[in-house]
Amino acid sequence: MQQRLEARQVRRTICRAGLYAYEAAYASGSRLPEHEHTSPFVTYVLRGNYVEQEGRLSRECGRGAVIFHRPNETHANAVGPHGTASLNVEIGAEPWRELTADMVPARDIIGRALFGNVEWLALAVWREFHNDDSASRLGLDEAVAMLCGAVRTSIARGVFEPHTRLDRCTEYLCARPTMTPRLAEVAHVAGVHPMHLSKLFRKQFGYSMGEFLRRQRIAWACEQLARDTGTISSIAARAGFSDHAHFTRTFRRIAGCSPSWYRLRLRATLVQGF
């Protein structure tokens, strides 16, 4: 269970049948003193950013990051200038064992701020967290299981491991999510033949570079929605979508919800002073 921390305002809590989850906002520029979490849990950063200090380990946790925390972890937090909000869900013993089994070493994933495709699975957990019907308990359990399964699949693919050529490729695309580069251009940056790059990319990520770029554009749009800047139509245009409808369809396919639903829930985490 959570400790009482003055810089944190818990907005919503689910605690039933052994499941414990909460959504919280944290005051801008605040510091949370060192505190301990008995149970393993996963954090999904909804907006803003913070630095988490665990012993000598320091991790940057920005919007969209997913962090798996080991049981009995003790850490302190320094919140960024715009505040932050997150969803935190305790993970049951069995899912935790399945997540960490055969992970060599587990510390390579546990305790890291994971970005990329894992965000959309974490967003599915957040959507279920906001469902109030009688099936939400099962739905939330399933969403957490799918998130853990996706992380294990990504580990098996080597998604979180260094890969010089693919890292150059993804860094180039992530730095220019609203641009439309040609395959030859990206291949030149990666230092590999275009055809080989396409095959290598699909083998590693399970989808094309075009799909990767679409997901980066939706992640960029999520950042804009989190900052509450501009209309949804203007964000869609800046993200490179032909119109509002095209943007909304793609957003729903990748994030599982509409841009307006996403923005509305994030606005609810903007509490005065937090």
Side-chain angles (χ1 to χ4, degrees), residues 1-15 19-91 107 109-116 118-119 121-123 125-130 140 144 147 174 219-230 235 255 261-274:
M1 295 292 182
Q2 63 185 328
Q3 297 177 28
R4 182 175 178 80
L5 298 170
E6 295 301 324
R8 174 172 63 191
Q9 182 172 103
V10 177
R11 295 192 56 261
R12 174 179 168 85
T13 300
I14 290 177
C15 185
L19 177 71
Y20 183 69
Y22 66 93
E23 183 183 270
Y26 300 79
S28 61
S30 63
R31 293 183 177 272
L32 281 68
E34 195 170 77
H35 55 284
E36 180 179 306
H37 296 263
T38 304
S39 300
F41 71 102
V42 60
T43 296
Y44 171 41
V45 184
L46 300 169
R47 62 171 175 81
N49 68 288
Y50 62 94
V51 176
E52 197 160 69
Q53 191 74 34
E54 182 195 357
R56 295 183 179 181
L57 173 66
S58 179
R59 48 185 171 248
E60 295 277 348
C61 305
R63 193 220 63 80
V66 178
I67 309 100
F68 288 87
H69 302 266
R70 61 178 57 82
N72 301 308
E73 180 180 294
T74 300
H75 58 240
N77 303 78
V79 179
H82 303 294
T84 187
S86 64
L87 172 69
N88 302 274
V89 184
E90 288 187 0
I91 301 176
R107 64 178 178 273
I109 298 299
I110 306 304
R112 282 176 57 182
L114 306 177
F115 292 90
V118 66
E119 172 181 0
L121 281 300
L123 205 158
V125 176
W126 187 47
R127 294 200 314 270
E128 281 294 344
F129 175 78
H130 279 284
L140 189 56
V144 171
L147 170 61
C174 288
W220 179 87
C222 285
E223 181 71 35
Q224 306 311 304
L225 292 167
R227 292 179 180 180
D228 199 31
T229 57
I235 291 171
W261 186 96
Y262 183 86
R263 171 175 269 181
L264 182 64
R265 295 305 182 282
L266 283 179
R267 280 178 174 172
T269 70
L270 291 168
V271 185
Q272 186 173 6
F274 284 77

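Owing to the predicted nature of the structure, the values given are computational and were not obtained by experimental measurement.
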>> Would you say that Val125 contacts Leu140 through its side chain, given a criterion of any heavy-atom pair below 4.5 Å between the two side chains?
In response: yes
> Distance from Leu147 atom CG to Glu119 atom CD, nearest 0.5 Å?
Replying inline: 11.5 Å
>> Is it the case that the side chain of Arg47 and the backbone of Thr269 share a donor-acceptor pair, with hydrogens and angles ignored and the cut-off at 3.5 Å?
In response: yes
> Where do Val66 and Ala122 come nearest, in terms of heavy atoms and distance?
Replying inline: CG2-CB, 3.6 Å
>> Testing the basics here: between Tyr262 and Leu46, what is the closest heavy-atom pair and its distance to 0.1 Å?
In response: OH-O, 4.1 Å
>> Any non-hydrogen side-chain atom of Ile110 less than 4.5 Å from a side-chain atom of Glu73?
In response: no
>> If I take atom CZ from residue Arg70 and atom CD1 from residue Ile91, how far apart are they, to the nearest 0.5 angstrom?
In response: 12.5 Å
> Do the side chains of Tyr22 and Arg8 get nearer than 4.5 Å, heavy atoms only?
Replying inline: yes
>> Can you confirm whether Glu36 sits close enough to Asn72 that some side-chain heavy atom of one is under 4.5 Å from a side-chain heavy atom of the other?
In response: yes
> At what distance, to the nearest 0.5 angstrom, does CG of Leu114 lie from OH of Tyr44?
Replying inline: 13.0 Å
>> Strictly distance-based, threshold 3.5 Å: is any side-chain N or O of Arg11 a donor or acceptor partner for the main-chain N or O of Ala25?
In response: no
>> Taking Gly55's backbone N and O only, do any of them form a donor-acceptor pair with Gln53's side chain (distance below 3.5 Å, no angle check)?
In response: yes
> How long is the span from the CD atom in Glu90 to the OG1 atom in Thr38, to the nearest 0.5 Å?
Replying inline: 8.0 Å
>> Using 0.5 Å steps for rounding, measure from the CG atom of Leu121 to the CH2 atom of Trp126.
In response: 15.5 Å
> Is the shortest heavy-atom distance from the side chain of His82 to the side chain of Ser28 under 4.5 Å?
Replying inline: no
> Which heavy-atom pair separates Val144 from Val89 by the least distance, and what is that distance?
Replying inline: CG2-CG1, 4.0 Å
>> Ignoring hydrogens, what is the shortest heavy-atom contact between Ala219 and Arg63? Give both atom names and the distance.
In response: O-NH2, 3.4 Å
> So do the side chains of His37 and His69 get within less than 4.5 Å of each other, counting heavy atoms only?
Replying inline: no
>> Can you give me the closest heavy-atom contact between Cys61 and Val45, atom names plus distance?
In response: CB-CG2, 4.2 Å
> Is any side-chain heavy atom of Asn88 closer than 4.5 Å to a side-chain heavy atom of Tyr20?
Replying inline: no
> Is Arg12 salt-bridged to Glu23, going by a charged N under 4.0 Å from an acidic O?
Replying inline: no
>> How close do Ser86 and Tyr26 get, counting heavy atoms only, and between which atoms?
In response: OG-CE1, 3.6 Å
> Looking only at atom types and distance, does a side-chain atom of His35 sit under 3.5 Å from a main-chain N or O of His75, one as donor and one as acceptor?
Replying inline: yes
